[in-house]
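Pasting a structure here, questions to come.
Atom set for the values below is all heavy atoms of this structure, side chains included, hydrogens, waters and symmetry mates excluded. None of these values were measured; they are calculated from a predicted model. Whatever order the structure lists ligands and atoms in, that order sets their numbers, starting from 1. For the single chain, residues carry numbers from 1 onward in sequence order.
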Amino acid sequence: MNKIIQLKDVKKYYPWKNKKFVKAVDGTSISVNKGDIFGLVGESGSGKTTLGRIMLRLIEPTSGSVFFEDREITKDKKINKSIRKKMQIVFQDPYASLHPRRKIKDIIGSGLKTHNMVKSEHEMIEKVENFLNLVGMGREHLYRYSYELSGGQRQRVAIARALILNPEFVVLDEPTSSLDVSVQAEILNLLMELKKKLNLTYIFITHDLILARIFTEKIAIMYLGKIMEYGETMSVFNKPLHPYTEALFSIIPRIDAKDRSKKIILSGEIPSPVDPPTGCRFHTRCVRKLGAICENSTPVLKEIEDNHFVACHLYT
Ligand code: SF4
């Protein structure tokens, strides 16, 4: 399988008070194959959004390497324009991500000018119209402003803006979380169609486990800046190995009574990323903690089953 993105031991620390640091991402390695829909799942503060932005180099990592295809993009002083074009993002909030004083044609088309992909305004408008059609909107929207559109239409515009540059890799940062449930389904179906049509690879960032289950093919479960478990989505959902994943999955509502396993209620709050627990980051809340080894030694990700990795001393 061809890898499109690889992260090697990536860290992102933000300076904090008293010479301390917020450890938003703390030593993450991951590979994403071309054509994957890869979910990054976790509670707020788990580091999933920071990791998604590091992949695009919208945020510079403190250390570690990021490869796009075979090129280490963290070695370049500035990201190469042709690579930037191949990596795009759709933000969570379509209300905030679209400029309120720009017409839709300019919001979607400005990247074409920046990357010299069109020779005239006429050519730009033609391309924008094609991409509006691709996301299920018509030319009547070309001269409107974003505040004249519904939430779903705005997110369609945001998707068209990302795709008009012909990217190969798109980070979807909670793309449906600010939308009504019925609109969420439409946008996810659209994203799925576009993925097939345009041969895309997605990173799907979400805190919603049900969405992760239906939309992704692989997932990584993050907690306090580290990946706790990752693998094929169905394998992780059918047989979660890490106690944190087990606890998260145990609270998903289920219709079939046979599927209702006992709920695992995690005690306490997620600890501060300024002073994360030593050893296993999850030990302060883990119901299966083994003792000193969990408090003192950091478990590393190990392949426990075929393409199913877990970082937990229960498996060492
Ligand atoms: Fe629980 Fe220990 Fe596994 Fe961490 S390493 S999840 S504390 S059993």
Below 4.0 angstrom, N of the basic side chain to O of the carboxylate: do D173 and K48 qualify?
no

Under 6.0 Å between ring centres, would you say that holds for F237 and F249?
yes

So which protein N/O/S atoms does atom 3 (Fe) of ligand 1 have within less than 2.8 Å?
C312 SG

So, for M117 and E123, which heavy atoms are closest and what is the spacing to 0.1 Å?
O-OE2, 4.0 Å

May I ask you to establish whether K103 and Y143 are in a cation-pi arrangement, using a distance under 6.0 Å from NZ or CZ to the six-membered ring centre and at most 45° from the ring axis?
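Pair K103/Y143 does not count as cation-pi.
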
State whether K8 and E72 are salt-bridged, where the test is any N-O pair (Lys NZ or Arg NE/NH1/NH2 against Asp/Glu carboxylate O) under 4.0 Å.
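Looking at E72 together with K8, the answer is no, because their closest N to O distance does not fall below 4.0 Å.
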
E43 and Y244: CA distance, side-chain angles, deciding distance, side-chain hydrogen bond (donor to acceptor under 3.5 Å, both in side chains) verdict:
CA-CA 11 Å; E43 297 169 277; Y244 177 59; 2.6 Å; yes

